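Source: prediction; values computed, not measured. First the proteins, then the strands, lettered A, B, ... as listed; each starts at 1.
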Number of protein chains: 2
Amino acid sequence: MFKFGYIYIGFFSGMEEHRCENCIVRKFNALRAMSKEELKAVSDAKITKSLKKGDPLFEEGEKLNGVFCVRAGVSKLSKLSSNGKDQIVKLATKGEVIGQRSVVAEETSNLSAKAVSDMEVCFIPKEAIVSTLHKNPDFTFEVLRHMAHDLREADDVIVNMSQKTVKQRIAEALLYLKTNFGEDSEGFLALVLSREDIANVVGTATESCIRILSEFRSKGYIETSGKRMAITDERKLRDLAEGF
Amino acid sequence: MFKFGYIYIGFFSGMEEHRCENCIVRKFNALRAMSKEELKAVSDAKITKSLKKGDPLFEEGEKLNGVFCVRAGVSKLSKLSSNGKDQIVKLATKGEVIGQRSVVAEETSNLSAKAVSDMEVCFIPKEAIVSTLHKNPDFTFEVLRHMAHDLREADDVIVNMSQKTVKQRIAEALLYLKTNFGEDSEGFLALVLSREDIANVVGTATESCIRILSEFRSKGYIETSGKRMAITDERKLRDLAEGF
DNA sequence: GGCAAAAGATGACATCTGTCAACTTTCAGA
DNA sequence: TCTGAAAGTTGACAGATGTCATCTTTTGCC
């Protein structure tokens with residue numbers, strides 16, 4: 001059904017909107033530093049995919065033959081620890097490119113990626129990326145800048161994980177969800193995560209996560225409706241996260 | 001005295017060994033991708049510094065005007081958490097370049113750096129680096145590759161921090177010290193860290209760290225002599241770290 | 001060699017957090 | 001609409017960990 005709609009629109013609009021050059025999300029990532037010709041090559045080689053919530057993009061240890069540019073939806077990047085738990089290392093959203101690290105380092109992926117909401121992604125074969133990396137210093141520098149940013153974020157996560165209590169980390173995670181993914185018209189967090197996913201973001205047991213969220217609810221910091229959650233006292237959560 | 005020896009040798013040997021081109025540690029980092037001319041510019045601009053154990057290279061929040069290439073010794077890169085504890089994020093040793101991330105991202109440093117042993121470093125003003133980053137894609141790519149590697153390591157640290165117990169992390173830290181810095185002729189770990197530093201690496205309280213090290217000693221996994229430490233049962237430590 | 005400061009060590013105790021088990025609610029598919 | 005599976009919730013409890021206080025050892029320095 002969707003396939004049909006896709007072809008239909010493409011047919012009558014000349015498919016202009018499916019070319020990277022016209023893609024808005026490109027503005028947010030390193031692809032903006034590509035020349036017209038390079039972008040054309042990427043556009044010709046790319047494959048657009050639709051993913052349903054829960055679908056995997058790739059698994060840990062898999063060899064990636066390219067990168068994924070997120071057009072819509074959110075993906076969780078996680079790593080299995082030796083005790084069998086999944087640690088979510090990053091949530092990637094519109095405009096972010098997934099898999100760059102592995103392609104650049106020519107290693108198998110250290111993470112697995114899975115859709116946490118319905119997604120639309122473009123798969124870009126690595127040849128289109130790697131050749132540009134060796135020829136266009138502006139592009140390479142742009143990728144470098146993004147990776148420098150990711151590395152700083154990773155450093156911050158390390159400090160939070162090792163120095164803050166579970167309660168502080170959960171408070172922080174909720175604020176993160178609000179600032180990065182926003183709220184819907186009713187004030188609920190736009191990105192709905194299961195309690196298990198939240199627990200895996202902050203690195204705790206699902207039960208502990210549930211217990212702390214219940215506490216937050218009883219204290220009036222948040223409200224819930226089904227799996228949807230709304231922040232009702234941002235101030236308090238922020239104080240908590242900072243350790244007051 | 002050391003200063004004197006330095007000048008003396010330099011004088012009679014034509015100072016060849018103080019030019020980046022002839023520096024061995026360069027082989028281990030991105031500088032190996034520089035052209036002769038670029039390397040010459042770096043060599044002319046660089047400033048060699050000797051640091052005593054405990055001396056700071058730079059502080060968190062400081063604007064870095066260049067990077068530091070480690071010729072000898074070890075530096076700890078740490079970040080102060082909101083609860084007042086220092087979290088060591090990385091130990092940088094011979095051949096590693098410190099401060100790249102901040103220079104690339106044009107941000108103040110997110111970390112502070114301090115010598116944990118006597119060090120010799122070369123300070124390279126950022127101009128010499130940045131201009132090359134924009135002109136030589138091989139160099140940029142090489143920096144990118146190193147940063148991709150750092151990012152993977154950071155991901156691993158995140159998982160370890162959030163999923164392993166303090167005991168597991170300490171066991172892992174000891175093995176890390178052995179594989180990365182080696183042992184002296186008597187079998188003691190070559191890099192001597194205080195209990196507090198070890199605690200800050202694994203993200204725990206100094207007392208907890210001491211307690212666990214005492215336990216390891218009583219169980220025969222390690223031996224100590226003053227602040228020096230030797231691993232006597234690597235197998236057991238490895239099993240412990242992996243969760244058996 | 002002696003002394004003060006720093007580092008290391010240990011006990012006591014409260015609290016945080018994970019685990020196991022039971023139960024309820026929600027949700028998607030037949 | 002029904003129903004089984006998945007998700008969410010809660011209690012009980014043990015073990016891990018942080019904190020505070022005190023004491024000992026080591027180290028650097030005069």
Side-chain angles (χ1 to χ4, degrees), chain A residues 52-55 81-87 114 116-118 160-171 173 188-189 192-219 222-229 240-241 243, chain B residues 52-55 81-87 114 116-118 160-174 188-189 192-219 222-229 240-241 243:
Chain A
K52 305 281 279 184
K53 178 176 174 172
D55 287 348
S81 74
S82 53
N83 70 25
K85 281 194 185 159
D86 229 27
Q87 174 65 37
K114 196 175 250 190
V116 289
S117 64
D118 291 349
N160 283 338
M161 284 297 177
S162 49
Q163 304 282 4
K164 294 193 172 179
T165 65
V166 173
K167 200 176 288 188
Q168 288 178 300
R169 282 180 271 156
I170 290 182
F188 289 105
L189 292 174
V192 175
L193 290 181
S194 69
R195 305 300 155 108
E196 190 181 2
D197 276 342
I198 297 176
N200 290 345
V201 166
V202 304
T204 189
T206 307
E207 295 95 322
S208 298
C209 176
I210 287 172
R211 238 181 280 273
I212 288 170
L213 287 177
S214 296
E215 186 192 327
F216 285 176
R217 186 177 347 108
S218 75
K219 286 188 176 169
I222 63 173
E223 275 172 17
T224 58
S225 165
K227 22 189 356 156
R228 296 189 305 165
M229 227 164 13
L240 219 170
Chain B
K52 305 281 279 182
K53 177 175 175 174
D55 288 347
S81 75
S82 53
N83 71 25
K85 282 195 186 157
D86 228 28
Q87 174 65 37
K114 196 175 251 192
V116 289
S117 64
D118 291 350
N160 283 338
M161 284 297 178
S162 49
Q163 304 282 3
K164 294 194 172 178
T165 65
V166 172
K167 201 177 289 188
Q168 289 178 299
R169 282 180 271 156
I170 290 182
E172 201 154 53
L174 295 176
F188 289 105
L189 292 174
V192 174
L193 290 180
S194 68
R195 307 300 156 109
E196 189 180 2
D197 277 342
I198 297 176
N200 290 346
V201 166
V202 304
T204 189
T206 308
E207 296 95 323
S208 299
C209 177
I210 288 173
R211 239 182 277 273
I212 288 170
L213 287 176
S214 296
E215 185 192 328
F216 285 176
R217 185 175 351 104
S218 74
K219 286 187 175 169
I222 63 173
E223 273 170 19
T224 58
S225 166
K227 21 190 355 157
R228 296 189 306 164
M229 229 166 7
L240 218 170

What's the CD1-P distance between I210(A) and dG11(D), to the nearest Å?
13 Å
Gap between atoms CG and P, on N200(B) and dG18(D) respectively (whole Å):
12 Å
To the nearest Å, how far apart are Q163(B) CD and dT17(D) P?
13 Å
To the nearest 0.5 angstrom, please state how far the CE atom of M229(B) sits from the CD atom of E223(B).
12.0 Å
Whether each nucleotide of nucleotides 13-19 of chain C has a protein heavy atom under 4.0 Å at its base (B), only at its sugar-phosphate (S) or at neither (-) is summarised, 5' to 3', as ----SBB
Expected string for nucleotides 22-30 of chain D under the B/S/- scheme (protein heavy atoms, under 4.0 Å, primed atoms plus P, OP1, OP2 as sugar-phosphate) is ---------
Distance-only donor-acceptor pairs under 3.5 Å for side chains of residues 203-214 of chain B, two or more places apart:
residue : atom : partner : partner atom : Å
S214(B) : OG   : I210(B) : O            : 3.0

Go through it in stages, so that I can follow the logic: the residues are S81(B) and Q87(B), the test is side chain to side chain contact (heavy atoms under 4.5 Å, CB included), and I'd like the CA-CA distance, side-chain angles, deciding distance and then a yes or no.
CA-CA 7 Å; S81(B) 75; Q87(B) 174 65 37; 5.7 Å; no
Partners meeting side chain to side chain contact (heavy atoms under 4.5 Å, CB included) with K227(B) (sequence neighbours left out)
V192(B), S194(B)
List the steps and the verdict of side chain to side chain contact (heavy atoms under 4.5 Å, CB included) for K164(B) and S82(A).
CA-CA 9 Å; K164(B) 294 194 172 178; S82(A) 53; 3.5 Å; yes
Atom CE of M229(B) and atom P of dA7(C) are separated, to the nearest Å, by 15 Å
Using whole Å, what does the distance between atom P of nucleotide dA9(C) and atom CG of L213(B) come to?
8 Å
With a cut-off of 6.0 Å (strictly less than), are more than 12 heavy atoms of other residues, nucleotides or ligands near NZ of K114(A)?
no
Please determine whether a side-chain nitrogen or oxygen atom of S214(B) lies at a distance below 4.0 Å from atom OP1 or OP2 of dG8(C).
no
Round to the nearest Å and state the distance from E196(A) atom CD to dT26(C) atom C1'.
16 Å
E215(A) CD to dT9(D) C1', in whole Å, measures 15 Å
Could you grab the distance from atom CG of L174(B) to atom CD1 of I198(B), nearest 0.5 Å is fine?
6.0 Å
For N83(B) and dT17(D), give me the distance from atom CG to atom P, rounded to whole Å.
17 Å
Report the C-alpha distance between L240(A) and Q168(A) in whole Å, list the side-chain angles of each, state the deciding distance to 0.1 Å, and finish with yes or no for side chain to side chain contact (heavy atoms under 4.5 Å, CB included).
CA-CA 6 Å; L240(A) 219 170; Q168(A) 288 178 300; 4.3 Å; yes
What residues form a side-chain hydrogen bond (donor to acceptor under 3.5 Å, both in side chains) with K219(B), not counting sequence neighbours?
E215(B)
Distance, nearest 0.5 Å, that separates CG of D118(B) from NZ of K53(B)
8.0 Å
Between the OG1 atom in T165(B) and the CD1 atom in I170(B), the distance rounded to the nearest 0.5 Å is 9.0 Å
Students should find that the end-to-end axis angle of the helix from dG1(C)-dC30(D) to dA30(C)-dT1(D), with five pairs defining each axis and rounding to 10 degrees, is 50°
